[in-house]
Protein chains: 2
Amino acid sequence: MDNALKARYRIRAGIIKAMAHPTRLFLVEELSRGERCVCELTDMVGDDISTVSKHLAVLKNAGIVADDKRGTQVFYSLRCPCVLNFLSCVESVLMTNAAERATMPV
Amino acid sequence: MDNALKARYRIRAGIIKAMAHPTRLFLVEELSRGERCVCELTDMVGDDISTVSKHLAVLKNAGIVADDKRGTQVFYSLRCPCVLNFLSCVESVLMTNAAERATMPV
DNA sequence: TTCTTATTTTACCAAATTGCCAATAATATG
DNA sequence: CATATTATTGGCAATTTGGTAAAATAAGAA
């Protein structure tokens, strides 16, 4: 694979990687229901606010979410609704896995 | 977030994580065109065969690909064609990013 | 200005990931 | 059987990631 092609895949993998964490996946799913401020998200996640803030920064850096500061609060929102397709595909992989396991020979 | 919910997100993130690597993303895309043996994939990737084999094991473990040994060769194939939706969504995130950058103030 | 709330950044450590080499396993062929 | 081919596994060093506490920033209120 030549370098230009490698770089292409590196960039794309970076976007996927941004979602490849339980907390960030939760954040994406929650934001798919509408914008939320960091403190709301922090309450839901239950981790330290600095941890949640970092996860949001990762998502923002990948271009998956947008932020909007209003007063002392920062509101995050999904920038590309299509990321939910990721989740529905993940569900089909899980269902395929479950089906396979059910018919597995002992 | 309670533990059961956390576990749910961990499992789902695991599937996404399996694709969150440049080489593995390439492998998924290549396999979307049909089954390939490890040596073919190794030639295309250009890394050591042990490295490629390990990447394929990660994808298999997540349930994204299936393997089929025939003689001395092992053929891998995509198990859920929907993973290609991931890729098209990644493209729209990239396009949104590019559009944003183009209209960004200096 | 000083205080308070909301968020981000920095510094640090533990844990996980990557990729290569060497060793091993499985199968085919002479 | 000996040997070659294909692939997987184990071990290891280098790098990256994840999470927290503490410090820094930003905005509004008193």
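Each chain gets a letter, A, B and so on, in the order the sequences are listed, and its residues count up from 1. FYI, side chains are in, hydrogens and waters are out, and symmetry mates aren't considered; it's all heavy atoms of this structure.
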Revision key, fill the gap. Sequence neighbours excluded, the answer for salt bridge (charged side-chain N to carboxylate O under 4.0 Å, His left out) partners of A:Asp67 is A:Lys60
Point to revise | Donor-acceptor pair, side chain of A:Arg36 and main chain of A:Leu31, under 3.5 angstrom | key: no
Check your understanding: Counting N and O atoms only, with roles assigned by atom type, does the side chain of A:Arg79 sit under 3.5 Å from a partner on the main chain of A:Gly63, one being a donor and the other an acceptor?
Key -> yes
Check your understanding: Do B:Ser53 side-chain atoms and B:Ser50 backbone N/O form a donor-acceptor pair below 3.5 Å?
Key -> no
Check your understanding: Is the backbone N or O of B:Asp47 less than 3.5 Å from a side-chain atom of B:Thr51, with the two atoms forming a donor-acceptor pair by type?
Key -> no
Check your understanding: What residues, two or more places apart in sequence or in another chain, satisfy salt bridge (charged side-chain N to carboxylate O under 4.0 Å, His left out) together with B:Glu91?
Key -> A:Arg12
Exercise for review: May I have the distance from A:Ile49 (atom CD1) to D:dA23 (atom P), rounded to whole angstrom?
Suggested key: 17 Å
Exercise for review: Find the distance A:Gln73:CD to D:dA29:P and express it as a whole number of Å.
Suggested key: 12 Å
**Study point:** Qualifying ring-ring contact (aromatic ring centres under 6.0 Å, His included) pairs with a residue from residues 38-71 of chain B, counting only residues at least two apart or across chains
**Key:** B:His21-B:His55
Exercise for review: Please indicate whether A:Met95 has more than 12 foreign heavy atoms, meaning atoms of other residues, nucleotides or ligands, lying under 6.0 Å from its CE.
Suggested key: no
**Study point:** Interatomic distance where CG belongs to B:Leu59 and P belongs to D:dT8 [whole Å]
**Key:** 12 Å
Review point. To the side chain of A:Asp47, which of D:dT6, D:dT20, C:dT7 is closest?
Key: D:dT20
Review point. Between B:Tyr9 (OH) and D:dG18 (P), how many Å, whole number?
Key: 18 Å
Show the distances under 3.5 angstrom between N or O atoms of the protein and N or O atoms of nucleotides 10-12 of chain D.
residue, atom, partner, partner atom, Å
D:dG10, O6, B:Lys54, NZ, 3.1
D:dG11, O6, B:Lys54, NZ, 2.6

Point to revise | Sequence-distant partners of A:Cys37, disulfide (SG to SG under 2.5 Å), two or more places apart | key: none
Review point. What is the distance from atom CE of B:Met1 to atom CZ of B:Arg8, rounded to the nearest 0.5 Å?
Key: 11.5 Å
**Study point:** Gap between atoms CG and P, on A:Asp48 and D:dA22 respectively (whole Å)
**Key:** 11 Å
Check your understanding: Should B:Thr51 be listed as having a side-chain N or O under 4.0 Å from OP1 or OP2 of C:dC20?
Key -> yes
Review point. Can you check whether A:His55 has a side-chain N or O nearer than 4.0 Å to OP1 or OP2 of D:dG19?
Key: yes
Practice item. Could you list the residues that satisfy disulfide (SG to SG under 2.5 Å) with B:Cys80, not counting sequence neighbours? Key: none
Point to revise | With B:Ile11 via side-chain contact (heavy atoms from CB on, under 4.5 Å) - residues at least two apart | key: A:Leu94
Check your understanding: What ring-ring contact (aromatic ring centres under 6.0 Å, His included) pairs are there with at least one residue in residues 58-93 of chain B, not counting sequence neighbours?
Key -> A:Phe86-B:Phe86
Practice item. Using only side-chain N and O atoms of B:Tyr76, determine if any of them is under 4.0 Å from OP1 or OP2 of D:dT8. Key: yes
Revision key, fill the gap. Taken to the nearest whole Å, CG/A:Leu56 to C1'/D:dG18 is 15 Å
Review point. If you look at every strand shown and take non-hydrogen atoms under 4.0 Å, does A:Phe75 touch a base, only sugar-phosphate, or nothing?
Key: nothing
Exercise for review: For B:Arg70, enumerate each residue passing the salt bridge (charged side-chain N to carboxylate O under 4.0 Å, His left out) test, keeping only those at least two apart in sequence or located in another chain.
Suggested key: B:Glu35, B:Asp68
Practice item. Output the residues of residues 13-27 of chain B in contact with DNA chain C, where contact means a heavy atom of the residue under 4.0 Å from an atom of the strand; sort by number or write none. Key: B:Lys17, B:His21, B:Arg24
Review point. Do any of residues 34-45 of chain A sit with a heavy atom less than 4.0 Å from DNA chain D, and if so which?
Key: none
Exercise for review: Give the rounded distance in Å between these two atoms: NZ of B:Lys60 and P of D:dA7.
Suggested key: 13 Å
Check your understanding: Between D:dT6 atom C1' and B:Asp68 atom CG, what is the distance in whole Å?
Key -> 15 Å
Exercise for review: At under 4.0 Å between heavy atoms, which parts of nucleotides 25-30 of chain C does protein reach? Answer with one letter per nucleotide, 5' to 3': B base, S sugar-phosphate only, - none.
Suggested key: -SBS--
